[in-house]
Amino acid sequence: MKTNIILIGFMGVGKGSVARAYGKEYGIFTIDSDDLIESFDNRKIKTIFDQDGEPYFRSLENRCASWLESSVSNTIISTGGGFYSQENINQIGKVVLLDSSFDGIYKRILEHPNAEKKLAKRPLFQDKAKAKELYEVRVSEYKKIADFTINVENKTLEEVIKELNRWIISQI
Ligand code: S3P
């Protein structure tokens with residue numbers, strides 16, 4: 001069994017922030033599937049969507065998932081909100097869902113000093129109602145594949161990484 005931890009959850013829930021804070025606190029390398037895709041394809045996610053569409057982006061996620069499974073271990077991996085649908089996700093490592101209500105996620109994005117930028121870089125979060133529909137479809141799918149779920153709403157980053165660490169230790 002692989003020793004990675006893979007963070008999944010909806011856009012804007014804080015997967016990257018949690019992964020980086022966890023990595024810094026506990027001395028573990030962190031990578032992000034969207035960062036890997038952007039460097040592999042040498043374009044921003046938004047540009048990939050604009051120029052080649054979502055199916056092409058999903059094919060890059062698929063290549064990324066294969067590479068993570070074959071080549072990465074002992075790492076905390078944050079993922080894009082649609083990465084959960086990769087068939088081998090449970091082979092990459094233990095899957096941890098960061099869970100929140102849609103309103104909690106939206107509030108979190110708006111509270112960010114760069115809220116506009118945060119929304120602009122997410123092609124599937126251009127329309128709030130459509131994003132909410134996507135959330136409703138995905139939320140039960142996320143829960144099906146998660147080995148562990150953390151409700152992140154109204155918790156500090158520190159509380160979330162401690163909860164994550166308690167669970168990781170319990171798995172050893
Ligand atoms: C997506 C989420 C994004 C990014 C892409 C598609 C999705 O990542 O992978 O825009 O399908 O939910 P974040 O979850 O970091 O926003």
Side-chain angles (χ1 to χ4, degrees), residues 4-23 30-69 72 75-89 92-93 95-146 148-153 157 160-161 164:
N4 300 308
I5 298 293
I6 308 157
L7 300 182
I8 63 163
F10 201 66
M11 290 176 273
V13 77
K15 293 158 290 185
S17 304
V18 169
R20 288 188 298 273
Y22 187 91
T30 300
I31 54 178
D32 180 86
S33 66
D34 282 342
D35 290 347
L36 287 170
I37 288 168
E38 287 189 343
S39 55
F40 176 72
D41 198 65
N42 200 17
R43 287 183 293 175
K44 293 284 179 200
I45 302 293
K46 185 179 178 321
T47 311
I48 298 172
F49 267 77
D50 288 349
Q51 295 180 341
D52 289 323
E54 186 174 345
Y56 179 70
F57 172 73
R58 298 298 170 203
S59 75
L60 293 176
E61 282 193 318
N62 195 252
R63 292 189 69 163
C64 180
S66 301
W67 180 77
L68 289 169
E69 184 182 349
V72 175
T75 297
I76 177 144
I77 303 167
S78 52
T79 61
F83 193 87
Y84 75 96
S85 63
Q86 293 303 317
E87 272 182 17
N88 69 338
I89 191 156
I92 300 172
V95 176
V96 175
L97 168 62
L98 302 187
D99 193 29
S100 167
S101 68
F102 182 81
D103 289 343
I105 289 171
Y106 200 65
K107 188 166 160 262
R108 183 177 179 276
I109 295 176
L110 292 188
E111 278 169 357
H112 198 278
N114 280 329
E116 254 176 56
K117 225 172 143 190
K118 292 254 156 206
L119 284 173
K121 71 170 195 174
R122 296 187 157 101
L124 301 180
F125 218 132
Q126 296 312 297
D127 178 303
K128 188 181 171 192
K130 278 196 186 141
K132 189 164 187 195
E133 268 173 38
L134 190 60
Y135 171 91
E136 301 297 350
V137 170
R138 282 183 178 172
V139 82
S140 57
E141 299 299 314
Y142 288 146
K143 286 181 180 157
K144 275 186 211 157
I145 60 156
F148 182 58
T149 298
I150 302 178
N151 184 337
V152 298
E153 209 164 333
L157 202 48
V160 172
I161 65 170
L164 176 57

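This chain uses plain numbering: 1 for the first residue, then up along the sequence. Atoms within each ligand, like the ligands themselves, are counted from 1 in listed order.
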Which residue from Ala131, Ser85, Gly81 reaches closest to atom 2 (C) of ligand 1 through any of its heavy atoms? Gly81
If you count the atoms of ligand 1 from 1 in the order shown, which ones are under 4.0 Å from a heavy atom of Arg122? 13 (P), 15 (O), 16 (O)
Give the atom numbers and elements of ligand 1 that come within less than 4.0 Å of a heavy atom of Leu124. 7 (C), 11 (O)
Closer than 4.0 angstrom: is that true for some heavy atom of Arg58 and an atom of ligand 1? yes
Exactly one of Asp99, Asp103, Ile105 should register a side-chain contact (heavy atoms from CB on, under 4.5 Å) with Ser101. Which one does? Asp103
Assess Phe57 for proximity to ligand 1: is some non-hydrogen atom of it under 4.0 Å away? yes
Can you sort out the partners of Glu153 under salt bridge (Lys or Arg N to Asp or Glu O under 4.0 Å), two or more places apart, ordered by chain and number? none
Can you list everything that forms a salt bridge (Lys or Arg N to Asp or Glu O under 4.0 Å) with Lys121? Sequence neighbours excluded, please. none
So which protein heavy atom does atom 10 (O) of ligand 1 come closest to, and at what separation? Pro123 CD, 3.5 Å
Main-chain N/O of Gly81 paired to Arg138 side chain as donor or acceptor, under 3.5 Å: yes
Interatomic distance, Ile37 atom CD1 to Asp32 atom CG [nearest 0.5 angstrom]: 8.5 Å
For Thr30, does its backbone N or O pair with a side-chain atom of Thr75 as donor and acceptor, under 3.5 Å? no
Considering the heavy atoms of Gly82, write down every atom of ligand 1 situated less than 4.0 Å from one of them. 7 (C), 11 (O), 12 (O)
Do any heavy atoms of Arg138 fall under 4.0 Å from ligand 1? yes
Name the orientation class of the two ring planes belonging to Tyr135 and Phe102 (parallel below 30°, tilted from 30 to 60°, perpendicular beyond 60°). perpendicular
What residue and atom, counting heavy atoms only, is the protein's closest point to atom 4 (C) of ligand 1, and at what distance? Asp34 OD2, 3.1 Å
Looking at ligand 1, would Lys15 count as a contact under a 4.0 Å heavy-atom criterion? yes
Run through Ile92, Ile89, Asn4 and flag the one making a side-chain contact (heavy atoms from CB on, under 4.5 Å) with Glu69. Ile92
Nearest non-hydrogen contact to atom 5 (C) of ligand 1 from the set Ile45, Leu119, Ile8, Leu60 belongs to Ile45
